[in-house]
Participant: 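Quick one: the structure is below, questions incoming.
Labels below follow one simple rule: chain letters A, B, ... track the order of the sequence lines, proteins then strands, and each chain is numbered from 1.
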Amino acid sequence: MSVRALLDQRLRLAMRDCGLPAHLGPQLARASRPEFGDFQANGALAAAKAMKAKPRELAERMLAAAQLDGIVARAEIAGPGFINLHLADDFLARLLDDLGHARRLCPPAERPQRILVDYSSPNLAKEMHVGHLRSTIIGDAVVRVLEYLGHEVIRQNHMGDWGTQFGMLIAELEDHLGAGEAPDLALADLEQFYQSAKAHFDLDVEFASRARHYVVRLQAGDPHCRALWQRFIDISVAHSEAIYRQLNVSLTHADIRPESAYNPVLEEIVALLVDQGIAREDQGALVAFLPELADQHGKPAAVIVRKSDGGYLYATTDLAALRYRSLVLGAERILYFIDARQSLHMKQVFALARKAGLVDPAVALEHHAFGTMLGPDGKPFKTRAGGTVKLAELLDEAVARAAQLVAAKNPELMETSPEEIARKVGIGAVKYADLSKTRTHDYVFDWEAMLSFDGNTAPYLQYAYTRTQSLFRRAAAIPGAAPGPVRITEDAERGCALLLLEFGEILRQVADDAYPHVLCNYLYDLASAFTGFYQQCPVLKDGIDPGVRASRLALCQLAARTLATGLDLLGIEVMAEM
RNA sequence: GCACCCGUAGCUCAGCUGGAUAGAGCGUUGGCCUCCGGAGCCAAAGGUCAGAGGUUCGAAUCCUCUCGGGUGCGCCA
């Protein structure tokens with residue numbers, strides 16, 4: 001049990017003993033200022049108001065009733081009725097010893113769930129660009145946290161491999177192959193290939209009509225079109241998977257369930273909506289109406305589920321996917337990591353799915369939106385020419401920039417290659433810069449800031465970790481220098497200790513709210529507290545008492561483990577030296 | 001027209017289950033290597049929390065309105 005949970009439980013019991021109703025809690029929080037102790041309970045204020053009692057008096061009674069022996073060294077009432085709690089050093093030390101010997105850094109979730117996470121989901125018609133980055137790495141971080149807490153996670157990469165553009169693309173591919181070109185050569189640059197197909201489509205009437213015809217033939221299962229399509233898809237998927245490897249993202253081939261997979265059931269989904277009277281014909285198309293999402297004038301939201309030409313749109317595909325995920329895969333919670341611009345669409349799809357009974361009524365449907373990546377000018381991130389920035393090129397640049405830094409700043413490395421460091425630092429910097437900002441906001445992409453060793457950046461955290469490793473290498477050479485029981489005497493040690501004990505709580509918060517920046521901020525606080533401690537509290541220097549040395553080594557070890565685990569959950573790698 | 005998101009230090013961002021004097025980093029200014037990695041640490045300066053009302057013992061946080069910025073909305077995905 002975490003420190004907070006324990007205090008909460010004890011104070012809650014005390015409140016019951018004081019005759020307070022169950023809905024009034026202790027409102028426990030970390031103390032806002034050091035002189036207020038480690039934790040503060042604000043609940044007496046609210047409770048006093050509800051019971052028409054005097055806040056300070058009630059706080060006194062709560063404190064008298066609370067069983068805090070051995071946990072709290074000192075407690076006092078302050079201000080209008082805050083309860084300030086100073087934890088006992090030996091209590092903290094004991095918890096740290098337990099944590100140090102435990103296999104995991106936090107207890108697993110009390111109720112493990114089957115959770116489905118839809119993320120990355122690039123459009124295969126084009127090369128992956130910066131627009132795909134956020135979904136991919138935010139989703140992956142949340143997935144890792146959920147798994148660490150013991151949930152069963154089903155990853156779903158809902159790749160866009162179907163739709164009107166593919167007629168154009170296979171017509172283009174057909175022309176290339178007809179000219180004797182090998183498919184992987186023709187598709188070496190997907191972006192260029194797409195632009196070329198688009199140009200032909202716009203300028204060449206014969207080509208455009210062939211492209212439109214191919215869409216129909218493809219969807220009807222024509223073998224020739226299907227074969228061309230498959231070639232294109234295979235190469236495009238391979239490209240995405242190469243990016244995933246470079247990004248250290250945990251998606252695999254088995255997680256791909258693309259749009260085309262739902263093609264066979266779309267007709268059935270639409271029929272279901274019509275039968276239930278949810279959808280009806282309107283201006284030639286089949287439209288679902290949602291009075292529950294009406295605007296202030298009572299006009300219901302309208303969603304087209306089948307075009308007037310008989311074709312289907314992505315709303316229908318998403319409904320089919322939801323049914324499969326809930327009723328076939330049995331997901332209890334379904335998370336979508338998709339751009340904020342899709343918010344209305346997701347809302348409509350969720351409402352429709354529930355209304356039509358396509359999902360289990362108990363399933364949680366969550367759209368975790370995120371903002372746009374902006375360039376240094378505050379406008380959407382583009383190349384100088386105004387085109388989209390390819391993800392592959394962005395990542396290469398990150399590694400190249402990191403390599404430059406390593407070459408410029410590092411003296412001699414013992415066991416790690418500069419290439420490995422550059423890769424981990426460069427990729428880590430790009431991911432962390434994104435993950436550390438509140439998901440829902442737009443964020444400004446800035447090479448300089450993300451690769452800095454100062455501030456809330458990946459390199460700073462990785463550096464803090466390498467210092468622990470350096471220390472352990474040194475300790476290994478000293479006879480008798482081994483981690484031992486923790487003793488807390490210095491403020492810097494306390495600061496570290498309290499943070500180390502908070503890790504599990506932070507992970508639960510990330511699992512509940514899907515905000516990885518909470519974990520980033522925590523790790524930054526921990527790294528700062530650790531470097532402060534490391535600066536002030538000598539570990540291996542001459543004249544250090546062996547007991548103190550053993551205690552500080554144990555703290556270092558826990559800090560190292562927590563940093564490495566936390567970064568790993570963000571999909572960021574650490575190294576022994578940098 | 002309708003709907004959603006966002007306005008916090010010069011810049012980039014935290015804080016928003018309402019709590020005590022609103023926090024970091026960058027940048028600026030000034031300190032700290034006889035010391036486990038100075039790729040570090042410490043300190044100072046810097047704020048009408050967009051504005052106005054309201055709820056409350058208490059509001060950056062909740063409600064309403066206004067201003068400013070962004071995004072989306074029946075035949076792309």
Participant: Quick one: ring pair (Phe, Tyr, Trp, His ring centres under 6.0 Å) partners of Y522(A), sequence neighbours excluded?
Facilitator: F503(A)

Participant: Could you check whether the rings of F530(A) and F533(A) sit parallel, tilted or perpendicular, using 30° and 60° as the cut-offs?
Facilitator: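 Ring orientation of F530(A) relative to F533(A): tilted.
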
Participant: Whole angstroms only, please: what is the CG-P distance between D491(A) and C42(B)?
Facilitator: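 Distance, rounded to whole Å: 14 Å.
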
Participant: Taking any heavy-atom pair under 4.0 Å as a contact, classify V539(A): base, sugar-phosphate, or nothing.
Facilitator: base

Participant: Kindly express the pairing pattern of RNA chain B in dot-bracket notation, using | wherever a base pairs with another strand and counting only Watson-Crick or G-U pairs under 3.5 Å.
Facilitator: (((((((..((((.....[...)))).(((((.......))))).....(((((..]....))))))))))))....

Participant: Which residues pass the side-chain hydrogen bond (donor to acceptor under 3.5 Å, both in side chains) test with E191(A), not counting sequence neighbours?
Facilitator: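 If we apply the side-chain hydrogen bond (donor to acceptor under 3.5 Å, both in side chains) test to E191(A), skipping adjacent residues, the hits are Q195(A).
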
Participant: Return all side-chain donor-acceptor pairs below 3.5 angstrom for residues 425-437 of chain A, not counting sequence neighbours, or 'none' if the list is empty.
Facilitator:
residue: K431(A); atom: NZ; partner: L247(A); partner atom: O; Å: 2.7
residue: K431(A); atom: NZ; partner: N248(A); partner atom: O; Å: 3.2
residue: K431(A); atom: NZ; partner: G571(A); partner atom: O; Å: 2.8
residue: Y432(A); atom: OH; partner: N456(A); partner atom: OD1; Å: 2.5
residue: Y432(A); atom: OH; partner: C520(A); partner atom: O; Å: 3.0
residue: D434(A); atom: OD1; partner: R134(A); partner atom: NE; Å: 2.9
residue: D434(A); atom: OD1; partner: R134(A); partner atom: NH2; Å: 3.1
residue: D434(A); atom: OD2; partner: R134(A); partner atom: NE; Å: 3.3
residue: S436(A); atom: OG; partner: Y432(A); partner atom: O; Å: 2.8
residue: S436(A); atom: OG; partner: A433(A); partner atom: O; Å: 3.3
residue: K437(A); atom: NZ; partner: A433(A); partner atom: O; Å: 3.2

Participant: Give me each pair satisfying side chain to side chain donor-acceptor pair (under 3.5 Å) with a member in residues 536-557 of chain A, each pair once, sequence neighbours excluded.
Facilitator: E493(A)-R552(A)

Participant: Could I get the full list of ring pair (Phe, Tyr, Trp, His ring centres under 6.0 Å) partners for Y515(A), not counting sequence neighbours?
Facilitator: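 Testing Y515(A) for ring pair (Phe, Tyr, Trp, His ring centres under 6.0 Å), a comparison that skips the adjacent residues, returns H517(A).
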
Participant: What integer distance in Å separates F472(A):CZ from G37(B):C1'?
Facilitator: 14 Å

Participant: Which whole-number value in Å describes the distance from D454(A) CG to C13(B) C1'?
Facilitator: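 After rounding, the reported distance stands at 16 Å.
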
Participant: Extract from the structure each pairing of a protein N or O with an N or O of nucleotides 59-65 of chain B at less than 3.5 Å, listing the distance.
Facilitator:
none

Participant: Send over the distance from Q535(A) CD to A43(B) P, rounded to a whole Å.
Facilitator: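 It is 12 Å, rounded to the nearest whole Å.
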
Participant: Would R467(A) and Y534(A) count as a cation-pi pair here, with the cationic atom under 6.0 angstrom from the ring centre and within 45° of the axis?
Facilitator: no

Participant: Under 4.0 Å from any atom of RNA chain B, heavy atoms only: list the residues of residues 433-440 of chain A that qualify, in numerical order.
Facilitator: K437(A), T438(A)

Participant: Pull out every residue in residues 505-529 of chain A that has a heavy atom closer than 4.0 Å to any atom of RNA chain B, ordered by number, or say none.
Facilitator: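 Heavy-atom cutoff 4.0 Å gives H517(A), N521(A), Y524(A).
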
Participant: Quick one: salt bridge (charged side-chain N to carboxylate O under 4.0 Å, His left out) pairs with a partner in residues 285-295 of chain A, sequence neighbours left out?
Facilitator: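 Checked against salt bridge (charged side-chain N to carboxylate O under 4.0 Å, His left out) - neighbours excluded - the pairs reaching residues 285-295 of chain A are E292(A)-K355(A).
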
Participant: Please report, rounded to the nearest Å, how far the P atom of G25(B) is from the OH atom of Y432(A).
Facilitator: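 Taking OH of Y432(A) and P of G25(B), I get 13 Å after rounding.
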
Participant: Between L374(A) (CG) and G69(B) (P), how many Å, whole number?
Facilitator: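 After rounding, the reported distance stands at 16 Å.
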
Participant: Separation of D442(A) atom CG from C4(B) atom C1', in whole Å?
Facilitator: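 Checked: the CG to C1' distance equals 13 Å.
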
Participant: Rounding to an integer number of Å, can you tell me how far Y460(A) OH sits from A39(B) P?
Facilitator: 13 Å

Participant: Mind checking E281(A) for me? I need base, sugar-phosphate or nothing, with any heavy atom below 4.0 Å counting as a touch.
Facilitator: nothing

Participant: Provide the full list of ring-ring contact (aromatic ring centres under 6.0 Å, His included) pairs with a residue in residues 286-318 of chain A, sequence neighbours left out, each pair given once.
Facilitator: Y314(A)-H345(A)

Participant: Looking at S470(A) and G37(B), is any side-chain donor or acceptor paired with a base atom of the opposite kind under 3.5 Å?
Facilitator: yes

Participant: Within the structure shown, what part of the strands sits under 4.0 Å from A46(A) by heavy-atom distance: base, sugar-phosphate, or nothing?
Facilitator: base

Participant: Sugar-phosphate atoms are those with a prime plus P, OP1 and OP2; base atoms are the rest. Using that split, label each nucleotide of nucleotides 71-77 of chain B B, S or - for protein heavy atoms under 4.0 Å, 5' to 3'.
Facilitator: SSSBBSB

